[in-house]
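These notes concern the structure reproduced below.
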2 protein chains.
Amino acid sequence: MHSLVEENYLKALFALSKDKGSVSVNDLSKHLDIKMPTVTNMMKKMAFKNLVHYQSYKPLKLTKKGKKEAALIIRKHRLTEMYLVEKMGFGWEEVHNIAEQIEHIKSPKLFAKMEELLDYPKFDPHGTPIPDINGEMEWKAFSKLSECKPGERVKMAAVINTSDEFLKFLNRREIHLGLKIRIESVEPFDNTMVVKYKNHSGETISHTVCERLLVEKF
Amino acid sequence: MHSLVEENYLKALFALSKDKGSVSVNDLSKHLDIKMPTVTNMMKKMAFKNLVHYQSYKPLKLTKKGKKEAALIIRKHRLTEMYLVEKMGFGWEEVHNIAEQIEHIKSPKLFAKMEELLDYPKFDPHGTPIPDINGEMEWKAFSKLSECKPGERVKMAAVINTSDEFLKFLNRREIHLGLKIRIESVEPFDNTMVVKYKNHSGETISHTVCERLLVEKF
DNA sequence: GTATAAAGTTAGTCTTAACTAACATATTAG
DNA sequence: CTAATATGTTAGTTAAGACTAACTTTATAC
Ligand SMILES: [Mn+2]
Ligand SMILES: [Mn+2]
Ligand SMILES: [Mn+2]
Ligand SMILES: [Mn+2]
């Protein structure tokens, strides 16, 4: 089994390689707030364990094994977040730091039980998919709210930014996953949207925010 | 805050000093399965942090601070065990190892929520008291089943041994906390008890087992 | 009361995971 | 195409927490 430290490297590698498929030592170093020489060292150790492909001066790539192990930690993280929100009554802005710790608990039974009690959820409280027990996860093709047109009706599916402040901002506006939103108009100037949802009418949402909300059209 | 390692030393010190009030380096070493020199070293570090009174060649004693911190970890352990049993459906024989890990989670909110959802429980699933938020805990004066007399009616209040095997043994006999037991007779030879409970009549319980069951008379 | 055994300490080593300083390679800019 | 900058590596150090070997103190046995 891997140390808590290795697990956090795995998660970081996984998160950062989302787009390019590979990560620079520099990016990883910044993301983890750990100096580059330490990262280089750890990459060599993890290469020896067959978790990452490492060649001097080349970008880092998770191996198949590394990718799976990372996904399984993320699975524990997201199941935990979902459990905390759905079964314990936490707000979606409160759960990340707790999950950051609980994801390292070694107990297949605990997470199997969470999953069962949640009735095999596919998404976490932020709308992000939960990997299955084999580390596989499906990304549904959601659209950014910012790309929607006036007149469209959409349903809140996921948030891109999961910072405390952003989630609390959404709480104050009563915006949550599953919420049905109708786009009334879009300011041509700054792309601010005027929307309607629940008992909020003519509410404006800045482009910055719209860029961070994923919706499903229906 | 203390490291996971220090927390486990605190817990061990607390558990071992139950009776005498102090612990030998040797006992602590055996209990933690850590060699004596390592323990001596750690005791010096913890003395510096004012968690333990340490003098060369003298028995170890937790300070007031150390005792409180230990109790607060034990509080997290027992709240977790209770939560796992009551809210997640685990058996009382399954929860110790999970709690051993979760007790180290740094999140006052998580444990406050558990406590609230459990409606401020006073005992864990093994009948052991849960320290309050100030680290205080009350031991109710239960009797050993082995000390009870024929004809008495008692209620299962706690188990002294919490090993997997013992708890599974009790499961097979359908013996659980809260169970009402009537003592029919006691074999004068080996002190085996013949008892009656629920739909079990004339069931025998060995002295060894009776010594490990705490009951409340009523 | 000394001899032996048990318990405790000291000194030195190891591993993990961090750091800084110095050097090497790659990238970018002019 | 070279110079400057950014990125990456090597070497050496540190702290936490473990170990063994050797020594010291305390307890127990005769
Ligand atoms: Mn999260
Ligand atoms: Mn983590
Ligand atoms: Mn326990
Ligand atoms: Mn523990």
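In the text below, chain A, chain B and the rest are named by the order of the sequence lines, each starting its count at 1.
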* Rounded distance in Å - CE (A:Met46) to C1' (C:dA18) -> 16 Å

* Please state how far atom CG in B:Leu4 lies from atom C1' in D:dA16, giving the value in whole angstrom units. => 13 Å

* Asked: So does A:Ser3 get a side-chain nitrogen or oxygen closer than 4.0 Å to the phosphate oxygens (OP1/OP2) of C:dT16?
  -> no

* Asked: To the nearest Å, how far apart are A:Lys35 NZ and C:dA22 P?
  -> 17 Å

* Taking the six-membered ring for Trp and the full ring for Phe, Tyr or His, determine whether the centres of B:His96 and B:His126 are under 6.0 Å apart. => no

* B:Lys11 side chain near B:Phe14 side chain, heavy-atom distance below 4.5 Å -> no

* To do: Would you jot down, in residue-number order, the residues of residues 97-106 of chain B having a non-hydrogen atom under 4.0 Å from DNA chain D?
  => none

* **Electrostatic pair A:Glu69-A:Lys64, nearest N-O below 4.0 angstrom** => no

* Asked: A:Leu79 versus A:Pro121: any side-chain heavy-atom pair under 4.5 Å?
  -> yes

* Encode nucleotides 2-10 of chain D as B, S and - characters from 5' to 3', where the letter depends on protein heavy atoms closer than 4.0 Å: B to the base, S only to sugar-phosphate, - to neither. => -----SBBB

* Asked: If you measure from the Lys or Arg side-chain nitrogens to the Asp or Glu carboxylate oxygens, is any gap between A:Arg75 and A:Asp124 under 4.0 Å?
  -> no

* Asked: Nearest-Å distance, CG (A:Asn8) to P (C:dT16)?
  -> 17 Å

* Do B:Glu6 and B:Lys45 meet the salt-bridge criterion of a basic N to acidic O distance under 4.0 Å? -> no

* **Carboxylate-amine/guanidinium proximity below 4.0 Å for A:Glu147 and A:Lys217** => no

* **Gap between atoms NZ and P, on A:Lys45 and C:dT15 respectively (whole Å)** => 11 Å

* Measure from the side chain of A:Tyr9, starting at C-beta and using heavy atoms only, and say which of C:dT20, C:dA18, D:dG17 lies closest. => C:dA18

* Asked: Do the numbers put A:Lys113 on top of the ring of B:Phe90, so that NZ or CZ is under 6.0 Å from the six-membered ring centre and no more than 45° off the axis?
  -> yes

* Per B:Ile34 side chain, nearest of listed nucleotides D:dA18, D:dA16, C:dC19 -> D:dA18

* Asked: Does some side-chain heavy atom of A:Leu179 sit less than 4.5 Å from a side-chain heavy atom of A:Lys155?
  -> no

